[in-house]
Every structure is written in C-alpha cells, then in structure tokens.
S.K.: 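Have a look at this one.
Below, each value reflects all heavy atoms present in this structure, side chains not excepted, and no hydrogens, waters or symmetry copies. Whatever order the structure lists them in is the order used to number ligands and atoms, beginning at 1.
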Amino acid sequence: MRISKRAERIEPFYVMEVAKAASTLAREVAHTDRPMIFLNIGEPDFTAPPLVQEAAARAVRAGATQYTQATGLDHLRERISGWYRDRFGVEVPARRIVITAGASAALQLACLALIEAGDEMLLPDPSYPCNRHFVSAADGRAVLVPTTAAERFQLSAAKVEAAWTERTRGVLLASPSNPTGTSIAPDELRRIHEVVSKRGGITLVDEIYLGLSYDDAYGHTALAIDDQVISINSFSKYFNMTGWRLGWLVVPDALVPVVERLAQNLFICASTVSQHAALACFEPESIAEYERRRAEFKARRDWFIPQLDALGLKVPVVPDGAFYAWADCSSFGEKLGIANSWDFAFEAMKQAHVAITPGRDFGSAETSRFVRFSTASSMAHLQESVQRLRAWAAAAVAA
Ligand SMILES: Cc1ncc(COP(=O)(O)O)c(C=O)c1O
C-alpha cells in the first residue's frame with residue numbers, strides 16, 4: 001500500500017521502544033523485591049478530584065452526552081476565562097477560547113489553520129517530539145534550533161532573529177518545556193514576540209504546564225503579552241485529566257471562525273462528558289486540591305534534583321515547572337562504560353529496574369547525553385529509584 005509522504009515524514013516515537021521493553025521486563029520482575037519503577041511517564045500519578053468525577057457521573061446520568069458546539073460549552077470557556085483572570089491577572093475573553101480534545105488537537109488545529117506547505121516553524125532543541133510532528137502533518141517543516149543550559153534550553157529573541165529566513169512562518173515554543181521543565185523569562189518571550197510580529201509571523205506557545213509552575217518569576221501566561229499570541233493549554237497536566245482528552249487554545253479574534261470551521265469538520269467537538277466534568281475543576285474545593293498536588297510536585301522536585309546531582313546525573317537547569325528532570329548522564333555513564341543516553345536508559349532499566357526516557361526523541365542537540373526523569377511518580381518511588389541507581393553505580397565501580 002502506498003503511504004502518504006506526510007505520514008512517512010512523522011518519525012517513530014523511539015520512547016515507545018523503551019516503554020515496550022520496560023513493560024516486558026516489568027512483567028518478569030513484578031513479583032521480585034525490585035518491581036519496575038516507571039519514571040518515564042509524563043502524566044500525573046493523580047486522578048481527577050472528587051467533584052470532577054461526580055460532575056462526569058452526573059452528566060452521564062442526565063444524558064448530557066450530545067455533541068456540543070465545536071468551540072465547546074460556553075460555560076466552560078467562561079470558566080477558563082475566569083481562571084486566567086483570577087490566577088494570572090489576565091483578561092482573556094471567553095469568545096477567543098476554543099475547547100479541544102487535549103492540547104494535541106489544539107496544536108493540530110493551530111498548525112492546520114496557519115501553516116502552508118513548505119512553511120518553516122522554529123522550535124527549540126530539545127523539545128516535545130509531537131510538536132514538530134504537528135508542523136509536519138500540516139506540510140510545514142519544523143526547524144530545530146539547538147539551545148544550551150545557559151539559555152535554559154529555550155529560544156531567545158537573538159536566536160530567533162538569526163534563524164529567521166524567508167520561509168519562516170513563526171515559532172512554536174513550550175513554556176514550561178517538556179523535557180526540561182524550564183520556562184522562557186517573560187521579558188525574553190516579549191522580545192521574541194516582537195521579532196516574530198515585525199516579520200509578520202506567528203507566536204505559538206504551548207502552555208500545557210502553565211498551571212504547574214513553582215517560581216513566580218516564570219509562572220506567567222504568554223497571553224499577557226499581546227492578543228495576537230496563540231496559547232495552547234490542557235486539562236491533562238495541572239488538572240490531572242490526561243485520558244479525558246480535553247484542552248483548549250486561545251486565538252486572536254480573527255482566527256476563531258477559522259479554527260471553529262476546522263474543528264467542526266475534523267472533530268465535531270471535544271468529549272461532552274469531559275467538558276461537563278471540567279466545569280468542576282474551577283470550584284474552590286478542586287482548585288485547593290490542585291494546589292495541594294502542585295505543592296507535592298514541587299516537594300518531589302526539591303528532593304529529587306539534588307539527589308540526581310549527587311549521583312553524578314547533573315541537572316544543569318533546575319526546572320521551574322512541569323514534572324521533569326533533564327539530566328546529563330555522560331559522566332555517570334562513563335564510569336560504567338556506557339556510551340550514550342539511549343544505552344544508559346536501557347541499562348538503568350535492566351540493572352536498577354528504573355524506566356527513564358533517553359534524550360533521542362526530543363531532538364539532536366546533545367540529546368545523546370541527556371535522559372528525562374519524570375517526577376510525576378510518588379516520593380516513595382523517587383526515593384527507591386535513587387537508592388537503586390546508587391547501588392547500581394557502586395556495584396559497577398566495585399566490579
Ligand atoms: C509539551 C506538551 N505539549 C502537548 C502535550 C499533549 O498533551 P494532551 O494530553 O493535552 O494532548 C504534551 C503531553 O505530554 C506535552 O508534554
């Protein structure tokens with residue numbers, strides 16, 4: 001069968017190979033004293049809080065399960081608008097908010113609405129692999145611009161200016177980022193947006209981890225900069241609703257009917273039950289629970305990062321958000337005769353029964369030296385992982 005060039009351009013998700021191997025090994029070691037610990041998974045270990053669960057059950061019982069309008073329930077758009085006002089002090093009119101099937105659908109809609117065949121989008125290297133694939137799926141070309149620890153693994157205005165060509169359509173950033181958990185400083189983001197707008201380009205910011213910020217210097221939405229910035233968000237991370245497939249995007253007024261038309265045709269609407277459930281996310285009781293969980297994520301970060309550093313798995317920039325640690329495994333690996341982060345991830349899985357993600361999927365700039373740990377696992381799991389990694393290193397060095 002002839003496969004489209006578009007589909008062929010989408011690279012395989014190498015991480016899935018690690019995940020598959022981890023699941024196979026996990027079954028073998030399930031009943032030993034060292035069952036597999038999964039630090040490779042980028043989703044919260046919490047589920048939706050009680051009010052959200054009850055709202056979903058109520059919607060099902062009441063038969064509120066028909067399609068909604070393509071832009072989503074008005075009440076939910078208003079609640080999200082209220083969240084921007086109360087939490088971030090930014091006025092985002094509900095009419096500019098479009099509810100989607102997760103950030104994934106939001107990214108897809110934004111790319112399809114704005115990218116012509118051959119257009120180039122600038123993304124930082126490393127970055128979340130699917131983001132470059134959304135660009136490819138719209139027949140655009142993702143141009144990965146290498147970043148360094150000194151740059152917090154983010155693009156700067158100077159870099160965007162230097163990388164801009166006549167084919168460039170805009171930037172696709174993520175702040176806080178996956179895999180690094182680092183954000184762009186608000187002033188730098190403002191300067192990036194200036195560079196982009198001067199050239200008639202688009203600034204697309206994936207803010208899926210916005211709610212999970214631990215540093216007041218960074219926890220601001222890009223929507224505060226200008227109403228032309230496009231922001232992507234989701235109920236997956238801060239709101240702990242990964243499998244409910246619900247997110248949103250905020251677009252300039254002129255783009256609302258365009259995105260609406262695309263959404264009508266491609267998805268009809270996001271899950272109605274999930275939309276009714278999500279209304280309860282913004283109740284004071286739910287927000288209090290989310291904030292308690294955010295404090296737990298921060299506590300995990302505060303404990304885990306120094307432990308990795310002490311093991312020789314240096315985390316060059318302390319993440320200010322999300323739940324990841326982007327660690328340089330080269331010196332740890334060198335001691336054990338391991339050549340790169342891909343092999344390191346497999347060895348950690350086999351020797352310590354700790355599943356982590358090698359850097360490879362996230363780009364090519366130094367990614368062979370880096371692995372991503374997810375701190376979306378319990379503190380007990382993080383502590384046990386550190387003990388096992390330490391024991392593995394000690395045994396290998398002694399041998
Ligand atoms: C940076 C980033 N963007 C988008 C997504 C997709 O999330 P969703 O579950 O909302 O589709 C993820 C998921 O891990 C992510 O890390």
S.K.: Ligand 1: which protein N/O atoms lie under 3.5 Å from its N/O atoms?
M.R.:
from	atom 1	to	atom 2	distance (Å)
ligand 1	3 (N)	Asp206	OD2	2.6
ligand 1	9 (O)	Ser236	OG	2.7
ligand 1	9 (O)	Arg245	NH1	2.9
ligand 1	10 (O)	Ala103	N	2.7
ligand 1	10 (O)	Ser234	OG	2.6
ligand 1	10 (O)	Ser236	OG	3.2
ligand 1	11 (O)	Ala103	N	3.3
ligand 1	11 (O)	Ser104	N	3.0
ligand 1	11 (O)	Ser104	OG	2.5
ligand 1	11 (O)	Arg245	NH2	2.8
ligand 1	14 (O)	Lys237	NZ	2.7
ligand 1	16 (O)	Asn178	ND2	2.9
ligand 1	16 (O)	Tyr209	OH	2.7

S.K.: Could you check whether the rings of Phe235 and Phe282 sit parallel, tilted or perpendicular, using 30° and 60° as the cut-offs?
M.R.: perpendicular
S.K.: Would a line drawn from the ring center of Phe344 to the ring center of Phe332 be shorter than 6.0 Å?
M.R.: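 Aromatic pair counts; centres sit under 6.0 Å.
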S.K.: Once the angle between the rings of Phe373 and Phe304 is folded into 0 to 90°, is it parallel (under 30°), tilted (30 to 60°) or perpendicular (over 60°)?
M.R.: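 Taking Phe304 first and then Phe373, their aromatic rings stand perpendicular (interplane angle over 60°).
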S.K.: Which other residues end up in the same hydrophobic cluster as Tyr67, if Ile, Leu, Val, Met, Phe, Trp and Tyr are linked when side-chain heavy atoms come under 4.5 Å apart?
M.R.: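 Reading the cluster by chain and number, Tyr67 sits alongside Ile268.
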S.K.: For side-chain hydrogen bond (donor to acceptor under 3.5 Å, both in side chains), just list the numbers for Ser175 and Glu207, CA-CA rounded to whole Å, side-chain angles, deciding distance to a tenth of an Å, and then say yes or no.
M.R.: CA-CA 6 Å; Ser175 183; Glu207 298 192 299; over 6 Å; no
S.K.: Any salt bridge linking Lys198 with Glu194? Criterion: basic side-chain nitrogen under 4.0 Å from a carboxylate oxygen.
M.R.: no
